[in-house]
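Remember, predicted model here, so these are calculated numbers, not experimental data. Lettering follows sequence order; numbering is per chain, from 1.
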Amino acid sequence: MAQLSKTYSPKEAEEKWYSYWEIHNLFHAKANPDKKPYTIVIPPPNITGILTMGHVLNNTIQDVLVRWKRMQGYETLWMPGTDHAGIATQNVVEKSLLKEGKTRHDLGRAKFLEVVWKWKEQYGNTIIKQLKKLGTSCDWERERFTMDEELSEAVQEVFIRLFNKGLIYRGKYIINWCPKDHTAISDDEVNHIEQNGHLWFIKYPIVDSTDYAIVATTRPETMLGDTAVCVNPNDERYKHLIGKNVKLPLTDRVIPIIADDFVDPLFGTGMVKVTPAHDPNDYWIGQRHNLPQINIFDISANLNENAPIRYQKRDRFEIRREVVKDLESLGLLLKIEAHTNAVGRCYRCDTIIEPYLSDQWFVKMKPLAEPALKVVLDGTLKFHPDRWVKVYEHWMTNIRDWCISRQLWWGHRIPVWYCTCDGCDHLSASKTEPKEKCPKCGCHQYRQDEDVLDTWASSWLWPFSTLGWYKDNSDLRYFYPTDTLVTGPDIIFFWVARMVMAGIEFTKEIPLPDGSPRTENKDIVPFRNVYFTSIIRDAQGRKMSKSLGNSPDPLDVIAEYGADALRFTVLYLAPLGQDVLYSNEKCELGRNFANKIWNAGRFLQMNANQIIDFKFQISNSINDAYSDLADRWILSRLNTTISEMTNALDNFYINDATKILYDFIWHDYCDWYLEMIKTRLYGDEPDVVKKAVLNRAIYIYEQALMLLHPFMPFVTEEIWQSLAERTEGESIMISQFPVANEKWIDKETEADGLFMQNLVNAIRTIRGELEVPPSKEINIILNFHDTEREQHLQKYESYLKRLTRTKMVTLLRDSQKPRHSASAVVDNVEIFIPLEGLINLKAECERIQREIDRVRGLYTSTEKKLTNESFVSKAPKEVVDHERNKLESFKITLQKLEKNLESIS
RNA sequence: GGGUGGUUAGCUCAGCUGGUUAGAGCGCACGGUUCACAUCCGUGAGGUCGUAGGUUCAAAUCCUAUACUACCCACCA
């Protein structure tokens with residue numbers, strides 16, 4: 001065995017073993033008909049991204065699943081890659097251009113894209129490098145990018161198929177316009193944030209009358225684009241006004257008063273100004289009533305030439321103030337009320353979005369959503385935790401068409417070609433410029449649509465485009481569908497839902513590995529399970545954000561505590577689907593745990609060095625030669641742990657798994673078992689016994705390392721490699737994950753071990769409370785009643801001595817308490833500790849009295865239950881019997897305690 | 001306006017289909033240089049399980065209502 005240093009130092013081990021794994025190609029997956037596949041696709045991080053705590057949690061969970069399944073013998077593929085992130089990336093590059101005083105228009109489209117690609121080559125891989133530091137076992141050979149040629153072709157293919165199927169259409173609609181990014185964004189990319197605003201009541205003079213129509217609005221500046229005033233047709237107050245006209249203040253326009261059911265008579269004045277070009281509701285009212293649409297903004301939401309000249313070319317919010325002022329001076333502002341409303345903001349840059357009328361491309365979603373909802377409702381595809389099903393269902397049943405065009409340059413250009421002849425409106429979808437003549441006008445001249453597609457129009461294909469779809473190939477056949485998707489619930493609509501739709505729509509054609517067609521839903525859903533991760537917050541429960549400066553840099557944490565510590569801590573803290581309050585100091589938990597395991601390894605190693613010719617026998621099985629309670633107990637605990645842990649992982653209770661393992665390793669293995677075997681390792685046993693004991697201890701240790709490996713890959717590899725002679729290329733990564741063996745699970749032995757621990761604890765308590773110096777050796781007397789107990793007690797003797805620093809253990813049957821001794825009762829066995837000269841009689845009296853009070857409390861409450869007629873008659877017999885046994889045991893304990901109290905002096 | 005989660009020790013959280021004395025980690029107090037580990041070991045203090053009802057022999061656990069808190073969805077000007 002290689003020598004281990006006193007504490008575990010992560011840095012070196014992390015670098016060493018990560019490159020070892022890569023050199024030996026252990027992350028690579030190959031279609032293998034002899035093994036079952038297990039596939040996870042990474043949620044592709046943006047190329048502009050840097051590693052956050054959210055990524056740490058997300059990717060550690062994936063790595064745990066992947067390493068675990070790999071060790072279980074699956075052909076395991078973790079597909080990595082990055083996302084081109086249209087708006088984000090274009091913004092970053094434009095910003096750096098701006099530093100040189102240039103805009104993208106100065107460069108032109110082709111040159112600008114060149115610059116973006118260059119940027120991507122230089123910086124786009126940052127997050128991937130950071131992920132490697134975390135220990136992620138992705139198949140890097142297969143790394144993909146959403147704008148790779150193959151993936152781009154898949155995007156075009158999908159567009160064309162949907163187009164030809166009539167599921168894609170183009171039209172002038174009110175969309176969400178970001179005046180900063182100068183692009184449309186989809187409904188889901190708008191965050192509605194409540195804010196305090198105002199409700200302005202404006203008087204519109206009615207033509208041929210001295211009366212006014214009074215409208216309430218939150219956006220007075222849009223009145224410049226009003227083309228009607230609207231009331232509810234059933235509103236008695238205003239019926240007489242329908243059909244009349246009002247003079248639109250600040251303009252020279254006259255607009256009609258119309259009636260529409262949309263108007264709520266109870267809100268505001270019951271009269272609404274209608275601005276079809278700048279409000280989605282007004283847009284639909286306008287459609288119904290054939291109203292003109294007057295667009296008053298340019299692409300930056302400055303007022304355009306349709307506004308009165310004095311307002312033109314100025315910002316919308318500046319004009320809001322000015323319009324209000326102007327109305328006021330005209331005496332047309334009735335009042336202002338405080339009003340909170342939800343304002344839509346761009347999810348990328350937080351700019352207030354403008355409902356804007358423009359030509360965009362849309363995907364009809366209803367036909368895609370229906371089957372995608374079904375597979376989730378019928379359980380073909382499972383959500384963890386499953387409460388997200390409701391959220392998903394609500395969105396799917398109320399789904400709206402997806403605006404997929406973006407007025408950007410960085411992205412997949414829409415594969416639509418327009419005939420350039422005057423008056424010919426023909427268009428066609430194809431990957432390259434059409435070669436044939438325009439079927440309508442016969443010309444050859446085409447130009448491609450200027451817009452690009454929403455970034456999600458490539459990510460929704462990720463689970464199969466990364467495997468080479470649309471071309472049939474053996475990897476796609478073998479690894480698709482994937483098994484588990486691990487992602488945050490914040491992108492359930494953006495990404496998860498759309499992937500389900502795309503998977504179902506586009507993968508039926510791919511044959512199964514045996515060549516048979518995919519007919520069942522389970523073979524075309526993109527994944528069978530979705531694990532929705534927690535959201536990591538800071539210690540005060542606030543969201544991590546750049547502006548708050550409360551997001552720790554995971555790389556700093558790795559440098560300080562180690563990657564394993566970070567991984568383990570985050571998992572330990574993150575229950576399925578619950579938010580996590582995180583701070584760096586919490587990583588002490590993981591660091592200390594890593595160190596604990598490390599030192600257990602050192603302990604084994606030092607003992608191995610003590611025994612001449614000792615060599616650890618690597619073996620997949622274990623025997624019970626020269627075994628005693630400690631061995632049988634720990635073997636039972638080990639196998640119980642394996643089974644509980646596997647069960648937890650099967651159900652995605654990953655943090656349960658970490659707790660189960662932590663408790664086993666720290667408490668069962670280190671605190672009790674290792675302490676217990678010291679008796680034999682340090683005693684006069686012959687070497688053959690010592691060897692057997694140590695071999696077993698190492699075997700169990702190795703099993704624990706394997707259980708722990710998915711969570712803490714580096715430290716486990718480092719120790720595992722040093723446990724025995726390993727050949728080059730061997731790794732704990734590809735060892736066999738332990739399987740619980742029922743043969744070793746023995747509840748009686750576990751109870752036995754627990755009884756022994758209780759005895760030890762009772763003695764330690766006495767020592768502690770009576771302040772017997774730890775260095776002082778004591779003698780103990782165990783007073784028992786039945787023979788069976790005697791046999792047990794004899795077996796424990798050596799353990800009791802070591803664990804409680806006891807010189808002599810005397811077993812007595814039905815004896816009296818010696819003078820000047822402390823006492824305790826455990827499971828009807830009395831412990832007497834003669835403490836001549838050491839005992840503080842008063843303290844001991846108080847201690848026993850407290851114990852008596854406690855047990856009497858238990859006795860009384862149990863007695864109360866049993867004297868309750870209805871409890872005895874209605875509760876199940878086992879429960880009643882159990883209470884009776886308890887009562888009896890409490891009674892005996894009480895008697896003994898009281899007797900001991902009397903004879904204290 | 002609808003929906004979802006949380007509310008248990010000073011802090012962060014476990015407590016599954018109701019049934020021993022409601023647990024852990026951190027923190028705190030006290031004591032420890034025993035040959036793996038002070039990133040450690042031992043002992044201890046600390047909780048009427050948000051509130052009010054209900055079901056039951058039995059409720060932290062199930063039901064109803066309610067408060068507080070966080071988040072999501074929604075076209076109310």
Side-chain angles (χ1 to χ4, degrees), chain A residues 4 6-8 192 199 215-219 222 230 262-264 266-275 279-284 339 341-342 355 385 387-388 390-391 394-395 398 489-490 492-493 535 537 539 541 543 561 565 572-573 575 577-583 585-586 588-607 610 651 653 655-656 659 662-663 670-671 674-675 678 682 761 764-769 771-775 802 804-805 854-855 857-858 861-862 865 868-876 878-880 882-883 885-886 890:
Chain A
L4 301 177
K6 192 168 175 181
T7 51
Y8 169 59
H192 293 274
L199 201 53
V215 296
T217 179
T218 54
R219 303 193 54 200
T222 62
C230 190
F262 167 78
V263 178
D264 174 1
L266 299 177
F267 188 90
T269 58
M271 287 186 134
V272 184
K273 60 192 269 314
V274 183
T275 322
D279 182 282
N281 297 313
D282 294 6
Y283 171 81
W284 291 112
H339 182 72
N341 62 336
R387 63 186 145 84
W388 292 106
K390 264 195 173 177
V391 178
H394 182 257
W395 190 74
N398 295 289
D490 49 331
I492 184 170
F493 307 134
I535 293 170
R537 300 172 174 280
K543 239 181 182 166
Y561 296 94
Y572 189 90
L573 292 174
Q578 217 73 331
D579 287 2
V580 174
L581 306 194
Y582 171 88
S583 63
E585 305 82 67
K586 291 193 176 179
E588 286 177 11
L589 175 94
R591 181 200 58 185
N592 295 354
F593 185 45
N595 195 53
K596 187 72 182 175
I597 301 148
W598 180 259
N599 273 290
R602 280 184 76 221
F603 169 82
L604 297 171
Q605 179 180 74
M606 285 170 165
N607 279 282
Q610 297 285 310
N651 291 294
Y653 294 125
N655 89 311
D656 281 6
K659 284 183 209 302
Y662 181 91
D663 285 342
C670 293
D671 286 353
L674 287 187
E675 292 305 319
K678 282 178 182 173
Y682 296 160
N761 289 336
R764 284 175 173 169
T765 301
I766 290 173
R767 291 192 73 128
E769 293 207 356
E771 291 175 332
V772 177
S775 55
R802 167 163 280 277
T804 64
R805 204 161 170 77
R854 191 181 67 91
V855 180
L858 298 175
S861 71
T862 311
K865 264 191 201 171
N868 181 344
E869 188 86 16
S870 33
F871 171 72
V872 179
S873 58
K874 287 186 180 168
E878 310 92 77
V879 175
V880 177
H882 188 228
E883 292 299 313
N885 290 340
K886 266 165 58 186
F890 292 147

Can you figure out which of [options] approaches the side chain of [X] most closely?
| X | options | answer |
| --- | --- | --- |
| Asp671(A) | rG42(B), rU12(B), rC75(B) | rG42(B) |
| Arg537(A) | rA77(B), rG19(B), rA70(B) | rA70(B) |
| Asn761(A) | rA24(B), rA77(B), rU43(B) | rU43(B) |
| Leu581(A) | rC40(B), rU12(B), rA24(B) | rU12(B) |
| Lys886(A) | rG19(B), rA36(B), rU21(B) | rU21(B) |
| His192(A) | rU20(B), rG44(B), rA74(B) | rA74(B) |
| Pro876(A) | rC41(B), rG19(B), rU4(B) | rG19(B) |
| Val272(A) | rU21(B), rA77(B), rA38(B) | rA77(B) |
| His394(A) | rC73(B), rG31(B), rG19(B) | rC73(B) |
| Thr7(A) | rU39(B), rA74(B), rU4(B) | rU39(B) |

Hunt down the Watson-Crick or G-U wobble partner of [N], both distances under 3.5 Å, from any strand shown, or write none.
| N | result |
| --- | --- |
| rU33(B) | none |
| rA77(B) | none |
| rC13(B) | rG23(B) |
| rC49(B) | none |
| rU69(B) | rG5(B) |
| rC28(B) | rG44(B) |
| rU61(B) | none |

Has [X] got a side-chain N or O lying under 4.0 Å from the OP1 or OP2 atom of [N]?
| X | N | value |
| --- | --- | --- |
| Lys596(A) | rC41(B) | yes |
| His339(A) | rA77(B) | yes |
| Thr765(A) | rG44(B) | yes |
| Asn592(A) | rC40(B) | yes |
| Lys390(A) | rU4(B) | yes |
| Lys659(A) | rU12(B) | no |
| Tyr8(A) | rA36(B) | no |
| Lys678(A) | rA36(B) | yes |

Handout entry: Separation between the P atoms of rU64(B) and rU55(B), rounded to whole Å
Key = 15 Å
Handout entry: Whole-Å C1' distance, rG15(B) and rG47(B)
Key = 14 Å
Taking [X] for its side chain and [Y] for its backbone only, find out whether a donor-acceptor pair lies under 3.5 Å.
| X | Y | answer |
| --- | --- | --- |
| Asn651(A) | Tyr653(A) | no |
| Lys886(A) | Leu858(A) | no |
| Asn595(A) | Arg591(A) | no |

Mind calculating the distance between [atom1] ([X]) and [atom2] ([N]) to the nearest angstrom?
| X | N | atom1 | atom2 | result |
| --- | --- | --- | --- | --- |
| His882(A) | rA58(B) | NE2 | P | 19 Å |
| Met606(A) | rA36(B) | CE | C1' | 6 Å |
| Arg805(A) | rU33(B) | CZ | P | 11 Å |
| Leu604(A) | rA36(B) | CG | P | 11 Å |
| Glu771(A) | rG31(B) | CD | C1' | 8 Å |
| Trp395(A) | rC72(B) | CH2 | C1' | 14 Å |

Tell me what [X] touches on the nucleic acid: a base, only sugar-phosphate, or nothing, going by heavy atoms under 4.0 Å.
| X | result |
| --- | --- |
| Arg591(A) | base |
| Val879(A) | base |
| Asp264(A) | base |

Exercise for the section: Give the minimum heavy-atom separation between Leu199(A) and Ala216(A), together with the two atoms involved. Expected result: CG-CB, 4.1 Å
Handout entry: Minimum-distance pair of heavy atoms, taken over all atoms of Arg802(A) and Glu675(A)
Key = CD-O, 3.2 Å
Handout entry: Residue whose nearest RNA chain B nucleotide is more 5′ - Leu674(A) or Glu769(A)
Key = Leu674(A)
Completion exercise
When Leu589(A) and Arg219(A) are each assigned the nearest nucleotide of RNA chain B, the 5'-most assignment goes to Leu589(A)
Exercise for the section: State whether the distance check finds a donor on one side and an acceptor on the other, under 3.5 Å, for side chain Arg854(A) versus base rU21(B). Expected result: yes
Handout entry: Donor/acceptor link under 3.5 angstrom from Glu883(A) side chain onto base of rA58(B)
Key = no
Exercise for the section: Check whether any side-chain heavy atom of Leu581(A) sits under 4.5 Å from a side-chain heavy atom of Lys586(A), and report yes or no. Expected result: yes
Handout entry: Phe262(A) vs Cys230(A) side-chain heavy atoms within contact, under 4.5 Å
Key = no
Problem - Passing candidate, ring pair (Phe, Tyr, Trp, His ring centres under 6.0 Å) with Phe593(A), options Tyr572(A), Tyr561(A), Tyr662(A), Trp598(A) - result: Tyr662(A)
